[in-house]
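Here the structure is laid out as structure tokens; the discussion comes afterwards.
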Amino acid sequence: MLDIPSKYDPSRVEEKWYQYWMKHNLFRSVPDDREPYCIVIPPPNVTGVLHMGHMLNNTIQDVLIRRARMKGKNACWVPGTDHASIATEAKVVQKLASEGFNKSEIGREKFLEHAWEWTHKHGGIILEQLKKLGASCDWERTCFTMDTPRYESVIKVFVDLYNRGYIYRGVRMVNWDPKAKTALSDEEVIYTEVNSKLYHVKYFIENSNDYIVVATTRPETILGDTAVCVHPDDERYQHLKGKRVVVPMVNRLVPVIFDEYVDPTFGTGALKITPAHDLADYELGIKHNLPVIDILNDDGTLNENAVFFVGEDRFVARDLSHKKLEELGLLVKVEDYTNKVGLSERTHVPIEPRLSMQWFLRMKELAQPALDNVLNGNIKLYPSKFVNTYRHWMENVKDWCISRQLWWGHRIPAYYLPDGSYVVAENEQQALELARQKTGNQQLTLADIRQDEDVLDTWFSSWLWPISVFDGIRQPGNPEMKYYYPTNDLVTAPDILFFWVARMIIAGYAFAGDKPFSNVYLTGLIRDKQRRKMSKSLGNSPEPLDLIAKYSADGVRVGLLLCSPAGNDILFDESLTEQGRNFGNKIWNAFRLVNSWSIDDNLEQPAYAKLAVEWFDELLNKTMAEVDEHFDNFRISDALMTLYKLFWDEFSSWYLEIIKPSYQQPIDRQTYEKTLSFFDILLKLLHPFMPFITEELWQLMTPRKEGESIMTQLQPRPRAANTQVIADFEIIKEAITQVRAIRKEKNIGTKDPVRIYVKSVNNTYNPALGVVLAKMTQAEKIELTQTKVPNAFAFMVRAAEFFVETQQKVDVEEERKKILEELAYTRGFLESVMKKLNNDRFVANAPTQVVELERKKRQDAEAKIAALEARLHELQ
RNA sequence: GGGCGAUUAGCUCAGUUGGUUCAGAGCACCUGCCUUACAAGCAGGGGGUCGUAGGUUCGACUCCUACAUCGCCCACCA
């Protein structure tokens, strides 16, 4: 017998076993003849730190991986990090700024050196943090989206898509982030309602004292106006056909144009047109052949084209315009107004629609198989409600702006020739060859070609992730690809469904000829109890490692999983992790109990223990099947809760209490070994959720060989359970509860003697189980009876009637009252059953087993009523 | 503005092709217990006319319609 403290101390245990698993290479996966099970991690930002979202996400992945491993599959969890170009670049810029440098001063090469240094310094911190959580990744496979194989894969794909005609370059209105000074994709823009002003401004008509009033939220862009537009049918403005108006402040003459785009009911029905700074205006400008006056620099300040406020920030210019218009007497009024403004996802500044030369990827055709294979169920989304969202997006997919005006990332492999044309190639040498072919000039040297300054959108590397981690782009059909691809499950948050999930599916079909994964499990977002998003500024996000230190990794894992049905937001509360920790302690103490018993080989197995073993064996099988079913449907919370109740309620509160020998008495070998084997199975079932404590106890249970681990043991497979055994036992449990309630209610101590008599109708009560009833109720005797039992407290479980005879006098009136209540209830029940059975349409239309069930209910109810009536009679 | 989803106990959620008096679970709550595995515990208990109003059906938490409230996604209304 081991000496074990009554409180579980996880701190040393967790560190110890993680080291052990690593030392014995137990997370390693290489192709073999087993069935593979593979998850590729959503790569966290290389310089990021672990937050609660990662914790949830990776706990779920680890549960799936560990379970698959214990189901005999070759489980492979591929870890890695993402270079996160804009986020990382922003951090490096910030760091340099704090040292007094700025990006453009030090130049591209030097900047990248700093960025790599930063990456090497901070990269991998987050992976170390994942280890604290217990993540069983195959760390030898760790990838980075900018390491050589991944870099070459990205470039190869770009060149390939270009050669196939999917990539083009063009001037477009893009979402411009003036802080990061880069274009953003539509998905990186978050529209937010803001309180702003609507300025009503006079535009005088040329050579006239008449004017037209235009409403705008951005008066500073007046400086770039090239027209005023009204609806062609608008009665108010018919006289303006062919007229010109004077742009305020700059006094430029611009035409009045007519277009149905304008909503005559909004504002004054007149719209100012600034083609350079609004997408709709830009399109109208093209349609009506308007000039484009770009008044903004790339950092959001005004340039010379603006004439006024040159060098001022756009928001300063807005105020200055306001004042100027007022001075000029051109401002009619200013209204409060709520509108939606697009903010950069990364820098949170308002984006600026901006004309610029960018690279685009044609999406429509590429997206088709990705749409089809989700709609036909070849790829499943959990929860399935996301299929609709996915379809909506994919059916309306727009071309993807893939260039970013950043330095940290994959530099676009386009090379410009002296004549301004360009070639696309995987490297400089190839580019030079192509350039020579194209120009026919063999004298061209590397100095004559210049690579595009921009880098690719981060997601342009992430979308290849499930393929590139197996090097399937550079070496299609390599053995690893053949074995692991398509992978099985992807676990991620729904906010990157389009950024990432959809694009991975597209890439899968485009570059690997198959889906990247079969199932997508979308977790919820973690919020606090008040449903607020977790954020640093609110200070409502707990530090994950602190939580682990306080509640153990197992506790945190359980806490997160207990409250996270798929797709629902998680309202995180520290008390959940407390519940997880308590569960660990419960398991610990159950082990302590079993460990404390001494075994007597001469002892025969008591009848109650034999019955309990038989019952729990069946229950275990039934529950294992339920857990499997939950997993098949990605109901991880339910799977855990099922095991939680199995361990806590059924195993600890019932099974152990039944077989438990009296204080300091030995236990028989048969029961002891059966109990240990149950414990062994329970630990294996719980291991995916609580890897550390289960390993610790499994190792304590019996001496193990060096290198042996619970994580590589097979979970037993469920067999069909004998449900009769379980049902019989449920009746005994219910009876025990009732007797305890009587003891409590009547203040009958556990030492006070009671005798129990049972009248069983329709074999409801299995008399063999009387020994269990006796042990758990401390009853002197249990006896079957057919006659009346005077002076006893009575209750019924189904059609079995139990009489508890004690030394206390029974209050006849009280008993009568109870019986009358139960009679009324049962009669009501019978009535509802009879209503159905007497209904010909019910008997004719309902399925036969439903009708049969009703007949059985009627039988039981009638038996019960008869018993109650008899009892009532006896009391008189 | 368009689309999707939700509304069940104080809280977070289950409720599986309409059929056990089926209204459930966990937590929280109430009562009694430091009973020699565990007070991070044990035993017992209370709690909801399933958002509202109609409809279909022998039968509705479950299907249909409208309304209310909330959430998410998409969209160039200045």
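All chains are named by letter (A, B, ...) in the order of the sequence lines, taking the proteins before the strands, and each is independently numbered beginning at 1. Every value quoted in this text rests on a predicted model; they were computed, and no experiment measured them.
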When the nearest nucleotide of RNA chain B is assigned to Leu571(A) and to Trp654(A) on a heavy-atom basis, which residue is associated with the more 5' position?
Leu571(A)
Closest non-hydrogen contact found for Thr642(A) with Asp638(A) is OG1-O, 2.6 Å
Ring centers of Phe647(A), Phe679(A) separated by less than 6.0 Å:
yes
What's touching nucleotides 16-20 of chain B from the protein side, N or O pairs under 3.5 Å?
from: U20(B); atom 1: O3'; to: Lys857(A); atom 2: NZ; distance (Å): 2.6

I'd like a table of atom pairs between the protein and nucleotides 6-9 of chain B - only N or O on both sides, under 3.5 Å - with the distance next to each one.
none

Trace of the side-chain contact (heavy atoms from CB on, under 4.5 Å) decision for Lys836(A) with Lys857(A):
CA-CA 11 Å; Lys836(A) 287 186 201 173; Lys857(A) 271 155 57 180; 4.2 Å; yes
Should the pair Tyr644(A) and Phe583(A) be assigned to parallel (<30°), tilted (30 to 60°) or perpendicular (>60°) ring geometry?
tilted
For C58(B), does OP1 or OP2 lie under 4.0 Å from any side-chain N or O of Arg841(A)?
yes
Tabulate atom names and distances for all N/O pairs under 3.5 angstrom spanning the protein and nucleotides 75-78 of chain B.
from: A75(B); atom 1: N6; to: Lys340(A); atom 2: NZ; distance (Å): 2.8
from: C76(B); atom 1: O2; to: Tyr261(A); atom 2: OH; distance (Å): 2.7
from: C77(B); atom 1: O2; to: Asp263(A); atom 2: OD2; distance (Å): 3.4
from: C77(B); atom 1: N3; to: Asp263(A); atom 2: OD2; distance (Å): 3.4
from: A78(B); atom 1: OP2; to: Tyr337(A); atom 2: OH; distance (Å): 2.9
from: A78(B); atom 1: O2'; to: Ala215(A); atom 2: O; distance (Å): 3.1
from: A78(B); atom 1: N6; to: Asp263(A); atom 2: O; distance (Å): 2.6
from: A78(B); atom 1: N6; to: Phe266(A); atom 2: O; distance (Å): 3.2
from: A78(B); atom 1: N1; to: Asp263(A); atom 2: N; distance (Å): 3.3

side-chain hydrogen bond (donor to acceptor under 3.5 Å, both in side chains) evaluation trace for Asp263(A) with His231(A):
CA-CA 7 Å; Asp263(A) 174 4; His231(A) 195 277; over 6 Å; no
How would you label the contact of Ser652(A) with the nucleic acid (heavy atoms, under 4.0 Å): base, sugar-phosphate, or nothing?
base
Check the pair Phe795(A) / Ile742(A) against side-chain contact (heavy atoms from CB on, under 4.5 Å), numbers first and verdict last.
CA-CA 10 Å; Phe795(A) 60 85; Ile742(A) 288 169; 3.7 Å; yes
Does G41(B) have OP1 or OP2 under 4.0 Å away from a side-chain N or O of Trp588(A)?
no
For Tyr282(A), which contact category applies under a 4.0 Å heavy-atom criterion: base, sugar-phosphate, or nothing?
nothing
Between OH of Tyr644(A) and P of A25(B) the distance, given in whole Å, is 14 Å
With ring centroids as reference points, do Tyr390(A) and Phe386(A) lie under 6.0 angstrom apart?
no
Option among Ile748(A), Val754(A), Thr777(A) that satisfies the side-chain contact (heavy atoms from CB on, under 4.5 Å) test with Val804(A):
Val754(A)
Syn/anti state for U7(B) [syn: chi within 90° of 0]:
anti
In Å, rounded to the nearest 0.5 Å, how long is the span from CE of Met394(A) to CZ of Phe498(A)?
9.0 Å
Are side-chain N/O atoms of Asn388(A) and Arg391(A) paired as donor and acceptor at under 3.5 Å?
yes
Choosing from A43(B), C38(B), A40(B), which nucleotide comes nearest the side chain of Arg581(A)?
A40(B)
Just to be sure I understand the rule, does Lys660(A) reach a base, reach only the sugar-phosphate, or reach nothing, if contact means heavy atoms closer than 4.0 Å?
base
Within this structure, what is the CG-to-C1' distance between Asp638(A) and A14(B), rounded to whole angstrom?
6 Å
Between Ser596(A) and U36(B), is there a side-chain N or O to OP1/OP2 distance below 4.0 Å?
no
Under 4.0 Å, heavy atoms only, any strand: does Asn585(A) hit a base, just the sugar-phosphate, or nothing?
base
Identify which nucleotide among G41(B), A43(B), G2(B) has an atom closest to any side-chain atom of Lys586(A), counting heavy atoms from C-beta outward.
G41(B)
In whole Å, I'd like the distance from the CD1 atom of Ile693(A) to the P atom of C38(B).
16 Å
Regarding the side chain of Lys385(A), the nearest nucleotide among U12(B), G5(B), C38(B) is G5(B)
Testing A43(B), C38(B), G2(B) for proximity to the side chain of Lys744(A), the answer is A43(B)
Give the rounded distance in Å between these two atoms: CG of Leu640(A) and C1' of A25(B).
13 Å
Under the side-chain hydrogen bond (donor to acceptor under 3.5 Å, both in side chains) rule, collect the residues that match up with Lys272(A), sequence neighbours excluded.
Thr221(A), Asp225(A), Thr274(A)
Give one of base, sugar-phosphate or nothing for Arg635(A), where a contact means two heavy atoms less than 4.0 Å apart.
sugar-phosphate
Whole-Å gap separating C1' (G24(B)) and NZ (Lys645(A)):
9 Å
I want to check one thing: is the phosphate of C72(B), taken as OP1 and OP2, less than 4.0 Å away from some side-chain N or O of Tyr390(A)?
no
Nearest-angstrom distance from the residue atom CG of Leu561(A) to C1' of C13(B)
15 Å
Under the salt bridge (charged side-chain N to carboxylate O under 4.0 Å, His left out) rule, collect the residues that match up with Lys744(A), sequence neighbours excluded.
none
Quickly work out the Arg740(A) CZ to C33(B) C1' distance and round it to whole Å.
13 Å
Over all heavy atoms of both residues, which pair between Cys401(A) and Val174(A) is shortest? Give the atoms and the distance, please.
SG-CG1, 4.2 Å
Would you write the dot-bracket representation of RNA chain B, where each base gets (, ), [, ], | or . depending on whether it forms a Watson-Crick or G-U pair under 3.5 Å and with which partner?
(((((((..((((.....[....)))).(((((.......))))).....(((((..]....))))))))))))....
To the closest 0.5 Å, what do you measure between CD (Glu574(A)) and CG (Asp528(A))?
12.5 Å
Does the ring centre of Tyr199(A) sit less than 6.0 Å away from the ring centre of His322(A)?
yes
Going by side-chain contact (heavy atoms from CB on, under 4.5 Å), Val262(A) matches just one of Leu271(A), Asp234(A), Ile257(A). Which one?
Leu271(A)
Do the side-chain N or O atoms of Asn839(A) get closer than 4.0 angstrom to the phosphate oxygens (OP1, OP2) of G59(B)?
no
Can you find a donor-acceptor N/O pair under 3.5 angstrom joining the side chain of Gln579(A) to the base of A28(B)?
no
Nearest to the side chain of Leu656(A) - C74(B), G41(B), A37(B)?
A37(B)
For a quick check of understanding: with a heavy-atom distance under 4.0 Å over all strands, which category does Ser575(A) fall into, base, sugar-phosphate or nothing?
nothing
With rounding to the closest Å, how many angstrom separate the P atoms on C63(B) and U7(B)?
10 Å
Can you check the Asn396(A) CG to C4(B) C1' distance for me, whole Å?
14 Å
Quick check on C72(B): is either OP1 or OP2 less than 4.0 Å from any side-chain nitrogen or oxygen of Thr389(A)?
no
Of the non-hydrogen atoms in Leu343(A) and Ile351(A), which two are nearest, and what is the gap between them?
C-CG2, 4.0 Å
